[in-house]
Undergrad: 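The structure is given below, and queries will be raised subsequently.
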Protein chains: 2
Amino acid sequence: MNNLTKEAVKSLADKRMPLFYDYLALPTVSTEHRAIPETVTYVENLIQDLGGETQVLDDLGGHPVVYGFFKASPTGNANKTLLFYNHYDVQPAEPLDEWQTDPFTATEKEGILYARGTADNKGNFIVRLNAIAALLETEDGLPCNIKFLVEGEEEIGSRNLEKYLQKYADLFKADACIWEFGGKDNEERFVIDAGIKGMAYLELTADSAGIDIHSSMGAIVDNAAWRLTQALASMRDVENNILVEGFYDDITPPTKEEKELVASLPFNLESTVAQYGLTRPLITDGKEITPSEALVFYPTMTICGILSGFVGEGTKTVLPRTAKAKVDCRLVPGQTPAHIADCVQKHLDKHGFEDVKVHLLDGQKAFRSNMTDPFVQQVVKSAEKAYGTDTEILLVPNNAGTGPMYIFDQYLKLPILCSGVGWSGSRAHAPNESIRMADFYEGIMHMIYLMGEFGK
Amino acid sequence: MNNLTKEAVKSLADKRMPLFYDYLALPTVSTEHRAIPETVTYVENLIQDLGGETQVLDDLGGHPVVYGFFKASPTGNANKTLLFYNHYDVQPAEPLDEWQTDPFTATEKEGILYARGTADNKGNFIVRLNAIAALLETEDGLPCNIKFLVEGEEEIGSRNLEKYLQKYADLFKADACIWEFGGKDNEERFVIDAGIKGMAYLELTADSAGIDIHSSMGAIVDNAAWRLTQALASMRDVENNILVEGFYDDITPPTKEEKELVASLPFNLESTVAQYGLTRPLITDGKEITPSEALVFYPTMTICGILSGFVGEGTKTVLPRTAKAKVDCRLVPGQTPAHIADCVQKHLDKHGFEDVKVHLLDGQKAFRSNMTDPFVQQVVKSAEKAYGTDTEILLVPNNAGTGPMYIFDQYLKLPILCSGVGWSGSRAHAPNESIRMADFYEGIMHMIYLMGEFGK
């Protein structure tokens, strides 16, 4: 086992800091297709400079996917391969005037490093590389094989990733995967998500006429806004139970291990209420399920938006011809987006709302790692070692958010866990994105210890 | 009785046409407070030039109200006074690029006169004056006293009119009133409305949090869009019955005469469907009430607009903190806006929607003339004479729209009927506003015959 001190790792990371700064200086805004070729080359060089081999995959459209590979050292375990999933693209920096530093000039102030991509996701890629660099400087070298999948379209929905995973499943074959993100919550607990929820993002539209009509005709003319309102209200009752037949079909029930994990999760009602300024009770209030159970195990149906007719200041007497709503259903393992969209349309048809049409705008399945896979405890154990006894480690069967883990599961069949150097002030996707340098160094240690555990 | 030929009246009206053109050239856009003093002076002069007396009332705020008076001739009936209600202000001309002629340069093409204010409402004022001018040229002169109330804030909600009517009730005292608008429908029938619906325009707002929240929190955090949707759906069922307790309180039941009139009204389903491009059945379909009964006798509850959260193209996963809806209730005689707003809030509170708040943005009561008042038949009979046997005359107890008739009723207590020279292509409030010259001449005849009937 490699015996790396925190001091030595920090020293090496500091020496390599210019590489990180230069990486952050590349304005790789995927939605604008900016700086893609030079970033791909930069990522390749970062891997090659440490002795890794690379392939740039660009035969299936979209921004190239970079494959990277480091072989286990002769004393390491060449039968175990760990896959790191990262992305080299970032969100736009706008609104620029809200940045206190230049978004593409990394700037450290009081232990916090500011730049677009620090947290999401260039920082975590550098953390993985720094861990490899540190291990390669030891006598024992790498305890396992390492693969990288670094894509360039994560911020625009990973829209070509599945094709690459399907075609190159053999190339990316591994035994376990560390996901691109992760970090500490607002109470400084290190959170390890072992999965993610899915999503069926629906648009519902109702049309009642060819033109907007003077509202005096409301005595006889039907109204798209009323139709959509009534249709939505038929889908979820005032107790927030989802009433769509078949919606809960096929849900994989949580295992004993998953239930135990969720039962042990802390939930701070006061801080949740304060954080969001909630004026209503939680929808789990007075129910048998806890907030943590709801967040992890229960699907949702959320009106993300609704629009019809006149919505300016004051009054306008119009009978709207059309109405639309955006409805986001977060899914749990077993549910499929197409089935959800189908159930909602069938529900509407059955209840006399044939005029309300459902379109599936975005669909992703959920994924949850097998909590009895040894990798789960390897990630937890190495986190305990890296973050120390002062830091509480939370293992969560799945995050309440959504991401494309399910396609990794489909083509690679492996456990996927999250580890990263984000914090509650990271402002991913927002101005003044940042990571804390202390988290950065700890994150490197976590990856070093994890590779050690994993290669045993 | 004056024996004026149509030819003589047309000839006089044509001679007076420059006065009309100059009146239309004044850009009296009330919402921009444009050209108010010069228009007031112009209106005064138009009345004075025919020998009428005027007073400009401007002691109660807002744009001045012009009072005009013509005394019955010695052979006329000095015991009967007819009040003409008109307004000198117009809507903005925007969007200017959609006008085919200059909005403030009256332009006649193929018998149609285009300019802002032709239909709404400068044309009808000139029609009244031309009728008086024609009568004054006859030996018998005016068959009755005539009063004018010409206000300058009709297009901005007649917001000061009630104060003037209250203070100057004695000045405007009359036996009957001809309302500012009227005309022919899309099947060339001349429509005489004898009243108008009222309105309670409500804004409903729901708030659930201080900030918009990532929609993954939808598993536990309540959602303003759902709250408002469910609250609205509780107010009106899918059969379009209004479920708010007390909503139908105090409605004055229609009289036998009103019912008979409405039973005789034509309703053309095909042309209604075609005009608006309706894709849904009428809400009266399969019910015991007819479309005409619904339009005249039944109050409405219309969602004019609803907005919450993300409503752009594509997807955004947000849990909205706030939601609002505009709800327009058209009222029938007996209902009051404050009571309606109160009932809706009580309904929401009673059904667990205390978080949804009701604000009354605009309130007007309905008005219906006494259909047995002799004035009603005088207007109908004179219309039959003016428009001839080829034109069907429709007498309607009240229009389905809304206007401030009720304040005339409150302070002056008189029957109010509509007559005007609008047509189905008039485009009031829109670009290319127009009247047809044939209607203009017929409208003058209608007023001449009406004054004759009224003064008998």
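All values below were derived from every heavy atom in this structure, side-chain atoms included, with hydrogens, water molecules and symmetry-related copies excluded. Reminder, nothing fancy here: chain letters follow the sequence lines and each chain counts from 1.
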Undergrad: If we ignore angles and hydrogens, is there a donor and acceptor under 3.5 Å between the side chains of A:Ser216 and B:Arg330?
TA: no

Undergrad: Between CE of B:Met235 and CH2 of A:Trp226, what distance do you get to the nearest 0.5 Å?
TA: 5.0 Å

Undergrad: Name the region of B:Met199, side chain, backbone, both or neither, that has any atom closer than 4.5 Å to a heavy atom of chain A.
TA: side chain

Undergrad: Is a donor from one side chain sitting under 3.5 angstrom from an acceptor on the other, for A:Asp328 and B:Thr317?
TA: no

Undergrad: Pick from B:Arg236, B:Lys326, B:Glu203: which one has the most heavy-atom pairs with chain A under 4.5 Å?
TA: B:Arg236

Undergrad: With a 4.5 angstrom heavy-atom cut-off, which part of B:Pro299 approaches chain A: side chain, backbone, both or neither?
TA: neither

Undergrad: With a 4.5 angstrom heavy-atom cut-off, could you sort out which part of B:Glu354 is near chain A: side chain, backbone, both or neither?
TA: neither

Undergrad: Please find the pair of heavy atoms, one from B:Thr302 and one from A:Asn223, that lie closest to each other, and give the distance.
TA: CG2-ND2, 3.2 Å

Undergrad: Which atoms of B:Thr279 are under 4.5 Å from chain A, going by heavy atoms: the side chain, the backbone, both sets, or neither?
TA: both

Undergrad: For B:His214, is it the side chain, the backbone, both, or neither that has a heavy atom closer than 4.5 Å to a heavy atom of chain A?
TA: side chain

Undergrad: Given heavy-atom pairs under 4.5 angstrom as the criterion, report whether the side chain, backbone, both or neither of B:Glu293 touches chain A.
TA: neither

Undergrad: Which region of A:Arg227, side chain (C-beta onward) or backbone (N, CA, C, O), has a non-hydrogen atom less than 4.5 Å from a non-hydrogen atom of chain B, or is it both or neither?
TA: side chain

Undergrad: Is chain B contacted by the side chain of A:Tyr201, its backbone, both, or neither, given a heavy-atom distance below 4.5 Å?
TA: side chain

Undergrad: So what's closer than 4.5 Å to chain A heavy atoms on B:Asn399: side chain, backbone, both or neither?
TA: neither

Undergrad: Check whether any side-chain heavy atom of B:Ile306 lies under 4.5 Å from a side-chain heavy atom of A:Leu307, and answer yes or no.
TA: no

Undergrad: Over all heavy atoms of both residues, which pair between A:Gln230 and B:Asn240 is shortest? Give the atoms and the distance, please.
TA: NE2-OD1, 4.4 Å

Undergrad: For a 4.5 angstrom cut-off between non-hydrogen side-chain atoms, does B:Ile283 reach A:Val221?
TA: no

Undergrad: Can you tell me which portion of B:Asp222 sits under 4.5 Å from chain A's heavy atoms? Options are side chain, backbone, both or neither.
TA: both

Undergrad: So which of A:Phe310, A:Tyr298, A:Phe353 has the largest heavy-atom pair count under 4.5 angstrom toward chain B?
TA: A:Phe310

Undergrad: Salt bridge (charged side-chain N to carboxylate O under 4.0 Å, His left out) with A:Glu155: which residues, sequence neighbours excluded?
TA: none

Undergrad: State the CG-CE distance between A:Leu278 and B:Met217, to the nearest 0.5 angstrom.
TA: 7.5 Å

Undergrad: So for B:Phe297, is it side chain, backbone, both, or neither that comes closer than 4.5 Å to the heavy atoms of chain A?
TA: neither

Undergrad: Sort B:Thr272 into side chain, backbone, both or neither according to what part of it lies under 4.5 angstrom from a heavy atom of chain A.
TA: side chain

